[in-house]
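First up is the structure itself, then whatever we jot down about it.
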Amino acid sequence: MLRVTNGRVHDPGNAVAGEVRDVWLDGGKVVAEPAAEPADVATLDAAGCVVFPGGVELHSHVAGSKVNAGRIMCPEDHVDHYRCRTDVTRAGCGHTVPTTYLTGYEYARLGYTTLFEAAVPPLTARHAHEELRDIPILDTGCYTVMGNNHLVMKVLSDPDEERRAARLRDLVAWLLHATRAYAVKIVNPGGVESWKWHGGPVDLDTSVPPYGVTPRRILTGLAAAADELGLPHPVHVHLNHLGVPGNVAVTLASMQALAGRRAHFTHLQFHSYEATRSGSYASGAPAVAESINQHPEFTCDVGQLVFGPATTMTSDAPMEFRLHHLHKDKWANSDIEMESGAGVVPMRYSPRQLVNAVQWCVGLELMLLIRDPWRVFLTTDHPNAGPFVAYPMIVRLLMDREFRREWLEKLNPRVRRFTTLHELDREYTLDEIATVTRAGQARVLGLADKGHLGVGADADVAVYREQGDRERMFAAPAWVVKGGEVVVRDGEVVAAVDGRPLGVDLGDPPPLAADLAEQFESYSSVRLANYAVEDAYVPDQVLIPCAP
Amino acid sequence: MRTVTLTLKAEPPVSAEAEQLIPDVVAGKTAEEVRRLPLLVGNRRETVGDWFDVVVDEAEAAAPDLLLRGDLVRFKRLGEGMSRGAMVVEGRVGFHAGARMSGGSLTIAGDAGDFLGAHMAGGRIIVRGDAGHYVAAAYRGEKTGMKGGTIVVTGSVGQMVGARMRRGLVYVQGDAGDVAGYNMKGGTVVVGGAPAARVGARMVRGTVAVLGGEPLELLPTFSYACTYAPTFWRVVHHELARVGHAPRVGPGVTFRRYCGDVNEGGRGEVLAAQPG
Amino acid sequence: MIARQQVGLATCTLGEVKNRADLVIFWGCNPRESHQRHQARYSASVKGQFIPEGRKGRRIVAIDVRPTSTTAAADQFIQVEPGSTFETATLLRALVAGKRIGIEEDAKVGGVPLHVWRELAEAIKAADYGVILFGLGVTHDRGHDLNVEELGALIREVNDYTRFYGLPMRGHGNVTGSNQVMGWQTGYPIAVNFNRGYPRYNPGEFSVLGLLAREEVDAAIIIATDPGAHLPGDSVAALQAIPTIYLEPHVNTTTGWATVVIPVAPAGVAAEGTFYRMDNVPLRVRKLVDSPFPSDEEVLRSIKETILHA
């Protein structure tokens, strides 16, 4: 049994806002304070500290084929960023794309205990699970990309609305089960397939070959399927036109199309740009934030830009090709048959670059303008907008407007003409930080045992020493506890326990419909019987129930 | 003037990494302190004293700050990152000699291994012997190799001399292997003898000057531009004369100029000295 | 691998080749002998979703230094001189982009008239979805990884006009899997050194041939390869001069001289695991029969634990 005592507890899920109280942990769970002092209790004296639930990362690229392509493509990212082995940790390297072990240690060192890989094509799902198993300490899961999947688009091309919905629901369940994934991911719906036909970017109502379905139908169809299956996490949407000036139009139109359905919009910063008259970037954050404010059924994460090196990697292959043309630097692409694509391009964001400065402001504007912290989450879309190790600095930017002002001074001065950040005075409270880094994520992920410290919650706790400089405070937790074990002490990993894989309980989903199975057997390079990920890749997977 | 002299006692059975052995580190240290400096031999942390006899003594003004004696072919990273002073090695050296160096002078009386002066930013390297592949080049995945300084190799070099370099001067008195000046972004590579195939491949900017004359095996993406006596060569010649290695081809010689690589914009040039 | 670190590589899975590729260029490879089911399954005769006619729906070009059964079955065979991969790829880049070149119209490149290359460049741009499948004839030709870098640059630039991809025709069993695992565990796909307690990378410096040639290793563990058959004679001699531990299911040219041979269960026959196909698609290989011997993984794990607890 472990007691965390004397700390100020910030547990927004249970409306505990900085009260000094004890947290008792036993058997991997938070337990009620025992009636009598138990004999075998270890105590962490958290006097002068804040006590948070363990951090929950709901959108990051940490495992799988495109992540590893990024690692392999960029040795220059690793050479000066390495960690030697210790008695408890393995060696690793990488700044924007760390090795799997280092990824686990670095997340844990920031107080995170749960992690989701945000985009996995079904065909390479085994690879993602193999890497997730090599990420220590954190509980992990992944999302399956479906927005350009041929079977999905074929089903959606059915003119019969009811049959279409029923068949899609079964197909989504089958795909999730086959990939052992946690949620439905949509990436540039229809846009990746269009790329394979060397078609241009798609709008919400562009008919996409070969099935003639529109991004609108893909979005609404998959959102409905996720709802009807009662998946713990709603559709996780990367919209069309990522990174393009003026994309605020398609963003708002997509939100309009999904109104009334649960949906999570990811790295919204990349989707919130107005176009200036010369076609350059201006902030569209106020309009997008207002749309989120008005739709309680929506959540989002921000994808905050971090100045310095980044490695962009997404299933949005056409977007990566566009990025590659900015610098004509290296570019990796992989079209994945019948399903998806992927691209990787290294980047460097600079505060003097007006575009990057606008992007940086847009992210913070969204965080500050969206009023409900339960519906906007802190991410960097790691490593697309920057590496996750920048979280402590971003927390400080949110909590400290003076610090924000100092940073604004370092940006290209023209940025004030195109954004409103300099007008925003809001400062996040510790409770709000606890919400946007764990409580909110856990809730929208449907993880009832994560993101809070109520009795029955997982014994995942992060203890930070209270200090004025919030960046330093959140960069080196006094302790991090995972599953009841102290894994980090004073910012260093002291035990590398294994995390558990997280999945959804779909029961026994119906088999793939005969016509889809035939299509699969005809055109996939893998036999249907060899497609589904075996149990061996997700040993002892924790299955979260669905609520249809 | 004090000179630290290290004499190799015996060749280690596996390779060693000796980036501690630069004037920046040994300057002002006693012999005992130098002996205690770490030396990575294979995967073991040993000390300089385990492998070298160390003497620190007063010497004449012209003597180097650091003098290494012995066949150091198993020693990698000698002179790596040095920023000042003079270092002399009397013998062969392994990989990465003078890599990332930013100032001072490194003289190697013997052959050098691969990656000589890789990512070098300033200073001078003189090799009295041959050097391996990737002289002045970029490491894997990096966009830019040498950014400044001067390298002279009196013998020949392997492939990819000057690969991805941006600034600086490399003079190879002998021959160069394939793809000299590969993907150069700027700077100058002078080849005294003959380069092998694909000289200047994928070069963006910069100059590869070939003193051994034609015929050159140029890629189809290079085009003949003109025959002229460039002022720039006088500058290069003067600089090489200053460091004691004036090319036998005079400062007023004419060159045939080829522009390329057109696939990368075509702003680089390969110059071939004309006889007479 | 090294080339990918400079220019990246635009690629696709084999199912995309099957379903979409209307132009297939076999460059320096002979899959009809080295990858015998490749053409029937993915790249030539197979009917794909958008290539319903199969072989008739694809234009197949073979580039090689000598005629092979693959070149014989191609629509066009371009026979090049050895050592000219880099030159031809460079030329194609210029032709595709319409750049001014420095050779006469009647010149030859790689021993092939310029007009042939011009026609190929036009065919590449006219394709809807083209792929280059390249093999040892590219990677082991003069220039090595630079040839792949140049092909990568060509492939990248063609994507300004149409979809165009490259796939290495890799052999040697699960070599792709080894690259992947090394990648996620150490950050680098090959040639990793741990002398300093953290991973470092430099092919040529930390790869097998260089290490052995410079006698920089004093012991070796050898897994899933037969150096006696695959390495040059002086490398084998260097290995024979040091202690070696060899994990191998079969008697071969190495088992005779390795210091310690540990027989293991053959992977994919008597041991299960993940096999990464040449296009990086991970597949499960199953255990079909029992073996009296442990798997590679079990042996390595027990060696590691013995050392840890020594």
Side-chain angles (χ1 to χ4, degrees), chain A residues 63 65 67-69 71-79 82-85 90-94 97-102 123-127 130-131 134 150 195-198 210 321 324-325 329-338 341 344-345 519 522-526 530 533-534 536-537, chain C residues 1-2 4-20 41-42 46-50 128-129 152 155-156 159-163 165 177 179-190 194 196-202 272-274 276-277 279-284 286:
Chain A
S65 48
V67 178
N68 219 29
R71 276 191 202 102
I72 290 171
M73 188 167 82
C74 300
E76 72 280 13
D77 175 72
H78 317 332
V79 66
Y82 54 81
R83 288 223 155 206
C84 291
R85 64 176 180 267
R90 291 175 59 147
C93 62
V97 201
T99 52
T100 51
Y101 295 98
L102 191 56
L123 194 60
T124 62
R126 278 187 196 85
H127 182 167
E130 286 210 295
E131 287 199 31
D134 276 354
H150 275 216
W195 148 265
K196 295 180 184 178
W197 296 87
H198 27 110
F321 186 59
H324 153 64
H325 273 271
D329 197 0
K330 28 188 163 178
W331 166 57
N333 177 85
S334 181
D335 284 5
I336 296 172
E337 64 207 54
M338 306 179 68
V344 183
V345 173
Q519 158 123 353
S522 304
Y523 302 128
S524 175
S525 64
V526 172
N530 296 328
V533 174
E534 292 78 6
Y537 292 86
Chain C
M1 275 298 157
I2 303 168
R4 275 172 64 182
Q5 293 165 349
Q6 300 298 160
V7 297
L9 182 64
T11 189
C12 61
T13 62
L14 288 167
E16 294 286 33
V17 177
K18 158 179 158 172
N19 288 331
R20 297 179 195 263
R41 276 192 176 178
Y42 313 117
V46 65
K47 290 188 167 80
Q49 190 175 6
F50 309 113
D128 280 327
Y129 200 102
I155 288 160
R156 183 169 89 175
N159 274 281
D160 287 340
Y161 304 91
T162 185
R163 291 289 76 76
Y165 298 124
N179 296 151
Q180 293 285 3
V181 177
M182 296 272 280
W184 80 64
Q185 295 201 345
T186 74
Y188 309 111
I190 50 171
F194 278 98
R196 289 184 178 241
Y198 61 88
R200 288 185 302 164
Y201 168 74
N202 197 12
E272 59 189 0
T274 312
Y276 285 77
R277 210 167 60 184
D279 57 352
N280 294 307
V281 170
L283 300 168
R284 185 76 180 163
R286 296 184 176 84

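Here is the naming used below: chain letters follow the sequence lines, and residue numbers restart at 1 for every chain.
- Interface check for chain A: of the options R41(C), K18(C), R156(C), the most heavy-atom pairs under 4.5 Å are formed by R156(C).
- If you measure heavy-atom distances from T186(C) to chain A, the contacts under 4.5 Å come from the backbone alone.
- Side-chain atoms of Y276(C) and E130(A), non-hydrogen and from C-beta on, do get closer than 4.5 Å to each other.
- Within the 4.5 angstrom heavy-atom criterion, only side-chain atoms of A536(A), from C-beta onward, approach chain C.
- Between R126(A) and E534(A) a salt bridge is recorded (basic side-chain N to carboxylate O distance below 4.0 Å).
- Heavy atoms closer than 4.5 Å to chain C are found nowhere in S65(A), neither backbone nor side chain.
- Using modelled atom types and a 3.5 Å distance limit, the side chains of E131(A) and T100(A) yield no donor-acceptor pair.
- Annotation for R196(C): atom CZ counts as buried by contact number, over 12 foreign heavy atoms lying within 6.0 Å.
- Contact of Q180(C) with chain A is made through backbone and side chain together, with heavy-atom distances under 4.5 Å.
- Among N179(C), T274(C), V281(C), V17(C), the residue making the largest number of heavy-atom pairs under 4.5 Å with chain A is T274(C).
- The contact between R83(A) and chain C is made entirely by backbone atoms, counting heavy-atom distances below 4.5 Å.
- Per-residue heavy-atom pair counts under 4.5 Å with chain A were compared for G8(C), P189(C), G48(C), P282(C), and the maximum is reached by P282(C).
- For F321(A) and H325(A), the ring centers sit closer than 6.0 Å to each other.
- Checked by atom type, the side-chain pair Y537(A)/R284(C) shows a donor-acceptor distance below 3.5 Å.
- Both the backbone and the side chain of Y523(A) come within contact range of chain C, each with at least one heavy atom under 4.5 Å from a heavy atom of that chain.
- Ring-plane geometry between W184(C) and H127(A) is classed as tilted, the angle between the planes lying from 30 to 60 degrees on a 0 to 90 degree scale.
- No hydrogens or angles considered: a donor-acceptor pair under 3.5 Å links the side chains of Q5(C) and Y201(C).
- For the set N159(C), T162(C), L14(C), the entry with the most heavy-atom pairs within less than 4.5 Å of chain A is N159(C).
- In this structure, the portions of R163(C) lying under 4.5 Å from any heavy atom of chain A include both its backbone and its side chain.
- Side-chain contact between F50(C) and D128(C) is absent, with no heavy-atom pair separated by less than 4.5 Å.
- Looking at N19(C), the atoms closer than 4.5 Å to chain A (heavy atoms on both sides) all sit in the side chain, from C-beta outward.
- Counting heavy-atom pairs closer than 4.5 Å to chain C, the top-ranked of the candidates H324(A), M338(A), Q519(A) is H324(A).
- Heavy atoms closer than 4.5 Å to chain A are found in the side chain of R277(C), but not in its backbone.
- Of the two parts of S522(A), only the backbone, made up of N, CA, C and O, holds a non-hydrogen atom closer than 4.5 Å to a non-hydrogen atom of chain C.
- Looking at L9(C), only its backbone comes within 4.5 Å of chain A, counting heavy atoms on both sides.
- Between D279(C) and T11(C) the shortest side-chain heavy-atom distance does not fall below 4.5 Å.
- Neither the backbone nor the side chain of P98(A) comes within less than 4.5 Å of any heavy atom in chain C.
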